[in-house]
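Taking it in order: structure first as structure tokens, then the write-up.
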Amino acid sequence: MAGRGIPAEQEPLLGDRPPGSREWNIIETQEHYKSRWRSIRILYLTMFLSSVGFSIVVMSIWPYLQKIDKTADTSFLGWVIASFSLGQMVASPVFGFWSNYRPRKEPLIVSIFISVAANCLYAYVHVPASHNKYYMLVARGLVGFGAGNVAVVRSYIAGATTLQERTSSMADTSACQALGFILGPVFQTCFALIGEKGVTWETIQLQINMYTAPVLLGAFLGVLNIILILIILREHRVDDSGRQCKSVNFEEANTDEVQVPQGSIDQVAVVTTNVLFFVVLFIFALFETILTPLTMDMYAWTREQAVLYDGIILAALGVEAVIIFMGVKLLSKKFT
């Protein structure tokens, strides 16, 4: 493929390499290979930041909700937590459909921008004189809507990797997602040292405390992610052997690409995988919803103690998840 900035005269990577090595049965230039993996790694970062956006405030939502709106109860907390997932559920097919017909940069950048704006809204939910809990509900729902880009990320990585690379790459994607779940509560735990009062920027009515500092960090990382996508991400699609394929997502036409016929989809496998993924997220959502109010009631923890200790607990669970994903990656290399 003579892609953007890639010399056409470069020889494809062919050779007598054993199966499983990068060069085995892969017809692409060295420059294309580097560009493909730079793009994939940027999407690893996107997956990581999406998870951070979910978990960075998960331990402090209940204490913050109690502080800004005395009428909020645990039932409303459930709706605030669920709003993230509802937003993601609505956005995922929208961004997925969008990415089928347009360059995937577009839904990625728009979704991240929505998350950045929603994080900024979350930092200001204390300002209105009333109905603050509803502003928080909207903010978390929009963060979830922005997180609908997970579907785009996974489809891009699946389409931009060879059969030998795919399982390992998807494991890396899940590891980045789990790492986001780990470091989100870690960031929250570190910001707990600021305290509830923190500092106030009177000019713009911005309070920087243990509740708002994490989302402001998330907004900053989101802007950084947009910049990296604009600069580095390129459209790539290869078949199972590594041959470059035509795709509606490519930014410019290429006569060197081949059109690979699509095989049939194992519907049972797809449904089974989705059900398992649903069960995993269902359990996690239940756990993270009740953890903070439960520990505050059972152990008489203050709001600051709950944010600190529950953040440590969730971070420890995330470490366990990453170890499991790395084990899956090693086993996939051994048995595939």
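- In this structure, the separation between CE on M296 and OH on Y309 is 13.5 Å, given to the nearest 0.5 Å.
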Under the side chain to side chain contact (heavy atoms under 4.5 Å, CB included) criterion, do I61 and Y211 qualify, and how do the steps go?
CA-CA 8 Å; I61 286 179; Y211 303 123; over 6 Å; no
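- Taking all atoms of both residues into account, the shortest heavy-atom contact from T161 to R166 is O-NH2, 2.6 Å.
- Within the 4.5 Å cutoff, the side chain of L206 has heavy atoms near those of the Y124 side chain.
- Using a distance-only test at 3.5 Å, with no hydrogens or angles considered, a donor-acceptor pair links the side chain of S83 to the main chain of V80.
- Side-chain atoms of T74 never come within 3.5 Å of backbone atoms of L77 as a donor-acceptor pair (strictly under, hydrogens ignored).
- Atom CG in L65 sits 9.5 Å away from atom CG in L137 (nearest 0.5 Å).
- Here the closest non-hydrogen pair linking G148 and F95 is C-CD1, 3.7 Å.
- Tracing side-chain contacts under 4.5 Å through hydrophobic residues (I, L, V, M, F, W, Y), one never reaches I312 starting from I290; they form parts of separate clusters.
- In this structure, CG in N119 is found 9.5 Å from CG in L217, a value given to the nearest 0.5 Å.
- When all heavy atoms of I112 and I226 are compared, the pair lying nearest together is CG2-CG1, 3.5 Å.
- Within 6.0 Å of the CH2 atom in W301, the count of heavy atoms belonging to other residues, nucleotides or ligands exceeds 12.
- Remark: side-chain polar atoms of Q66 are not paired, donor with acceptor, to backbone N or O of P63 under 3.5 angstrom.
- When all heavy atoms of E304 and G195 are compared, the pair lying nearest together is OE2-CA, 3.8 Å.
- If you take CZ on R38 and CG on L233, they are separated by 11.0 Å, rounding to the nearest 0.5 Å.
- Ring orientation note: the planes of H32 and H236 are nearly perpendicular, at an angle over 60° on the 30°/60° scale.
- Between F145 and F84, the ring center distance fails the sub-6.0 Å criterion.
- The shortest side-chain heavy-atom distance between L108 and V153 falls under the 4.5 Å cut-off.
- Partners of E106 according to the side-chain hydrogen bond (donor to acceptor under 3.5 Å, both in side chains) rule, which considers only residues two or more places apart in sequence or in another chain, are W98, R102.
- Under the 4.5 Å side-chain contact rule for hydrophobic residues, L49 and L224 share a cluster.
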Does the pair L179 and S51 meet the rule for a side chain to side chain contact (heavy atoms under 4.5 Å, CB included), with working shown?
CA-CA 8 Å; L179 188 62; S51 298; over 6 Å; no
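- Under the salt bridge (charged side-chain N to carboxylate O under 4.0 Å, His left out) criterion, the residue pairs touching residues 183-196 are E196-R303, with sequence neighbours excluded.
- Between the side chain of S174 and the backbone N or O of A171, no donor-acceptor pair lies under 3.5 Å.
- A donor-acceptor distance shorter than 3.5 angstrom exists from the side chain of D73 to the backbone of F76, with no hydrogens or angles considered.
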Assess the residue pair R154 and L43 against the criterion (side chain to side chain contact (heavy atoms under 4.5 Å, CB included)); give the C-alpha distance rounded to whole Å, side-chain angles, the decisive distance to 0.1 Å, and a yes or no.
CA-CA 9 Å; R154 290 187 180 275; L43 294 185; over 6 Å; no
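- Contact check for S169 versus Y44: side-chain heavy atoms found under the 4.5 Å cut-off.
- Counting only distance, with no hydrogens or angles, the side chain of E165 and the backbone of T162 share a donor-acceptor pair below 3.5 Å.
- Taking the six-membered ring for Trp and the full ring otherwise, the centers of Y101 and F97 sit less than 6.0 Å from each other.
- Side-chain atoms of R104 do not come within 3.5 Å of backbone N or O of E235 as any donor-acceptor pair.
- For R237 (side chain) and A160 (main-chain N/O), no donor-acceptor pair under 3.5 Å exists by modelled atom type.
- Here the closest heavy-atom approach between residue T212 and residue A123 is recorded as CG2-O, 3.8 Å.
- K67 has its side chain within reach of N209: a pair of non-hydrogen atoms, C-beta onward, lies under 4.5 Å apart.
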Please lay out, stage by stage, how T200 and Q207 fare under the test side-chain hydrogen bond (donor to acceptor under 3.5 Å, both in side chains).
CA-CA 4 Å; T200 302; Q207 291 183 359; 4.6 Å; no
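- Checking side-chain atoms of S50 against main-chain N and O of T46 turns up no donor-acceptor pair under 3.5 Å.
- Hydrophobic clustering, with ILVMFWY side chains joined whenever heavy atoms are under 4.5 angstrom apart, groups F113 together with I56.
- Residues Y299 and L294 share a hydrophobic cluster, clusters being chains of Ile/Leu/Val/Met/Phe/Trp/Tyr side chains in contact below 4.5 Å.
- Going from atom OH of Y156 over to atom CD1 of I40 covers 6.5 Å, rounded to the nearest 0.5 Å.
- Residue N132 comes nearest to D69 through the heavy atom pair N-OD2, 3.4 Å, listed as atom of the first residue, atom of the second, then distance.
- P293 places a side-chain heavy atom less than 4.5 Å from the side chain of W62.
- Atom SG of residue C190 and atom CE of residue M210 lie 13.5 Å apart, to the nearest 0.5 angstrom.
- A donor-acceptor contact shorter than 3.5 Å links the side chain of S99 to the backbone of G96.
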What's the verdict on side chain to side chain contact (heavy atoms under 4.5 Å, CB included) for T272 and L276, showing C-alpha distance, side-chain angles and the deciding distance?
CA-CA 6 Å; T272 303; L276 289 174; 4.3 Å; yes
